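A short write-up of the structure that comes next.
Note that this is a predicted model, so its numbers are computed, not measured. Chain A is the first sequence line, chain B the second, and so forth, proteins listed ahead of strands; every chain is numbered from 1.
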Amino acid sequence: MKEEDASPLRNAYKVRSFQNAIKAIAQLDHDLASGADALKLNGIGSSIAFRIDLFLEGKEYDPAKHDVALERRKHAVANLRKLPGLGATTARQLYEAGCTSLAQLREPRFFEMLLPHQRINFLYAEHLEKPLTRAEAESIVAFIHEHISSKFEIIITDAYRRDSPTLPHLSLLLLHPAHIHIPLPAPTAHTRPRSLLRGNARNPFHTAYQRRPVRLASRLLQDVVRPLEDAGLLAAALGASPARWAGVAVRPGAGGRWKEVGERLRDVRARRGGYCRLELSMAPWGARGAALLALTGDVDFWRMMRDKAAGLDMHLNEYGLWRWQAKPRDGSAPHTPVAAEPASEVQAKARAPAYECDYDFDDAEWAGYGNGYGGASAGASGGASKGKGKGTGKGKGKDVEKDKARGKEAEDAQEENGYWELVESESEERIFDALGMEYVPPERRNFVFLRDKPPKKAIA
DNA sequence: TAGACGGCGCATAATG
DNA sequence: CATTATGCG
DNA sequence: GTCTA
């Protein structure tokens with residue numbers, strides 16, 4: 001009877017209902033005698049009970065008889081949703097406008113319904129589906145090295161670092177000795193453990209809202225993305241923020257050959273040649289280890305690491321491993337800098353701002369940061385903007401609705417109760433160590449590792 | 001019988 | 001320009 | 001689709 005139920009996928013809640021029903025039946029230690037028998041189970045209602053009867057009597061359930069139109073719509077929507085970034089809502093709108101397949105998105109009336117990133121994903125769809133070879137990845141990195149300052153260090157992360165022979169896309173970590181500010185986690189990071197088993201796709205190096213000029217002034221955008229655009233490597237952007245850029249890049253020709261700039265720019269304009277997805281992440285110089293961890297392990301492994309940290313009452317993000325230090329009641333900050341190991345000069349500079357918790361929390365920089373990990377301090381507090389509070393003022397507070405107001409109050413209280421202390425961020429090895437784990441080499445940071453060697457396993 | 005059915009952070013659009 | 005709403009995963 | 005208020 002599972003086969004009976006396995007197919008439908010139109011209404012998310014309906015699908016879940018079927019899943020629940022299947023689970024309920026699977027947990028039984030005996031066979032079902034009838035639909036009425038099944039009806040007693042939690043998760044099985046009249047409709048599924050009826051279909052169980054049909055099944056037991058050997059009759060077929062014929063969906064076509066029930067609803068041809070629905071079936072057709074289901075297929076169309078499922079097809080449309082294959083495009084990354086195109087979800088249920090857009091798919092439905094497209095279908096209602098008469099679009100029944102991905103191919104039809106070519107038609108202007110449908111194409112215009114797409115958001116910018118959806119358009120790019122569509123236009124480059126065949127290219128982006130094609131994995132890269134390691135040689136292609138290396139060739140692109142060499143190209144980038146030739147077109148940006150030699151002070152940048154570039155590390156290929158993700159699947160490449162895990163020794164995978166092919167890469168779904170190219171993910172690069174960039175480091176620059178002058179890029180050193182390590183932002184603090186949100187004050188509430190430890191009191192709001194994320195759901196560790198599901199949810200957010202990985203999106204490290206996010207920064208809170210910044211004014212346009214500030215955003216565009218980032219070293220990544222100015223000194224990396226800009227020259228690469230000029231060099232004709234980048235064909236389209238899917239998203240750009242101060243420490244992160246994602247988009248479409250040109251692939252090298254056969255044998256890792258690159259054409260001359262002018263020709264490449266013409267190719268890009270005409271969308272000739274091969275393309276791939278490229279992701280650039282800019283990490284603070286002293287946060288190399290944490291950044292590598294965040295960008296190398298697959299999603300499951302990274303989630304496991306963060307879970308591990310949470311279990312030890314710490315907080316792990318792409319900037320480092322943090323421990324919450326409660327402040328004594330009188331408010332005098334316990335001046336206990338970590339510095340477990342001798343820090344290089346740059347490092348010291350990188351860390352310094354992290355411990356000076358003298359932010360003006362009413363400053364606009366802090367307004368609007370989310371509740372989660374990774375966000376918080378917009379890099380703007382690098383040094384200069386620190387002492388002089390007030391930008392546009394007003395920042396947070398205000399008359400938010402009850403719910404949010406409560407949350408904010410809690411946050412304010414948190415801020416006074418302590419601060420985040422950076423335990424380790426420079427070396428992967430030492431982060432593993434601080435978490436009480438054996439070092440796991442990149443090629444083993446994957447789902448198989450988690451399954452074969454359950455570290456602690458929160459998987460309920 | 002109507003409404004819930006997971007919750008959250010991000011990017012972008014819409015709105016003030 | 002800043003905040004809120006929506007789509008997405 | 002089912003469950004609950």
Side-chain angles (χ1 to χ4, degrees), chain A residues 4-25 38-52 61 63 66-67 70 74 80-94 113-121 185-186 188-189 192-215 237-247 299 303 306 317-318 364-376 378 391-401 403-404 407 460:
Chain A
E4 293 260 337
D5 300 351
S7 51
L9 49 106
R10 57 170 163 281
N11 174 344
Y13 299 120
K14 190 167 171 179
V15 174
R16 193 175 303 152
S17 293
F18 279 120
Q19 287 168 341
N20 289 339
I22 291 170
K23 205 186 299 174
I25 294 171
L39 196 50
K40 296 187 207 128
L41 297 173
N42 229 340
I44 295 185
S46 59
S47 182
I48 290 184
F50 172 70
R51 286 176 62 169
I52 287 173
Y61 172 75
H66 286 250
D67 214 326
L70 226 57
K74 177 183 85 183
L80 290 168
R81 288 200 53 178
K82 284 183 189 148
L83 197 73
L86 197 162
T89 306
T90 311
R92 177 178 49 74
Q93 288 165 350
L94 283 167
M113 294 172 66
L114 301 178
L115 298 170
H117 70 275
Q118 293 170 328
R119 295 180 181 187
I120 291 169
N121 275 320
T188 51
R192 293 189 208 177
R194 321 234 52 69
S195 160
L196 293 160
L197 302 177
R198 53 171 25 168
N200 311 339
R202 187 173 58 178
N203 190 7
F205 303 108
H206 162 74
T207 40
Y209 174 83
Q210 288 174 320
R211 289 172 193 75
R212 228 176 102 81
V214 180
R215 242 176 13 231
L238 288 163
S241 59
R244 220 169 130 71
W245 185 92
V299 189
R303 191 170 290 157
R306 289 167 56 87
N317 65 12
E318 66 274 36
E365 289 151 24
W366 282 84
Y369 72 70
N371 329 327
Y373 88 90
T392 28
K394 101 187 272 190
K396 48 165 66 168
K398 285 212 64 171
D399 46 352
V400 221
E401 329 113 72
D403 245 15
K404 275 190 182 154

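Spacing between atom CZ of A:Phe18 and atom P of D:dT2 amounts to 8 Å, rounded to whole angstrom units. Taking atom NZ of A:Lys23 as the reference point, atom P of D:dC3 lies 14 Å away to the nearest angstrom. The separation between A:Arg92 atom CZ and C:dC8 atom P is 9 Å, rounded to whole Å. When the P atom of D:dC3 is taken as reference, atom CZ of A:Arg16 falls 14 Å away, rounded to whole Å. With rounding to whole Å, A:Arg81 atom CZ is found 7 Å from C:dC8 atom P.
By the side-chain contact (heavy atoms from CB on, under 4.5 Å) test, A:Ser47 is found to be paired with no residue, residues two or more places apart in sequence or in another chain being considered. Partners of A:Ala91 under the side-chain contact (heavy atoms from CB on, under 4.5 Å) rule, at least two apart in sequence or in another chain, are A:Val77, A:Leu80, A:Arg81, A:Leu86. In this structure, A:Arg16 has no salt bridge (Lys or Arg N to Asp or Glu O under 4.0 Å) partners at least two apart in sequence or on a different chain. Residues satisfying the side-chain contact (heavy atoms from CB on, under 4.5 Å) test with A:Leu115, not counting sequence neighbours, are A:His117, A:Gln118.
Applying the 4.0 Å criterion to OP1 and OP2 of C:dC8, one finds that A:Thr89 has a side-chain N or O inside that range. Look at A:Thr90 and you'll find a side-chain N or O under 4.0 angstrom from OP1 or OP2 of C:dC8. The shortest distance between the side-chain N/O atoms of A:Gln118 and the OP1/OP2 oxygens of C:dG7 is not below 4.0 Å.
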I'd like a list of close polar pairs between nucleotides 1-4 of chain B and the protein, N/O only, cut-off under 3.5 Å.
none

Just the table, please: protein N/O against nucleotides 12-14 of chain B N/O, every pair under 3.5 Å.
from, atom 1, to, atom 2, distance (Å)
B:dT12, OP1, A:Leu238, O, 3.4

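Across all strands shown, A:Asn42 has heavy atoms under 4.0 Å from sugar-phosphate atoms exclusively, and none from any base.
Comparing atom distances between the A:Ser47 side chain and each of B:dG6, D:dT2, C:dC8 picks out D:dT2 as nearest.
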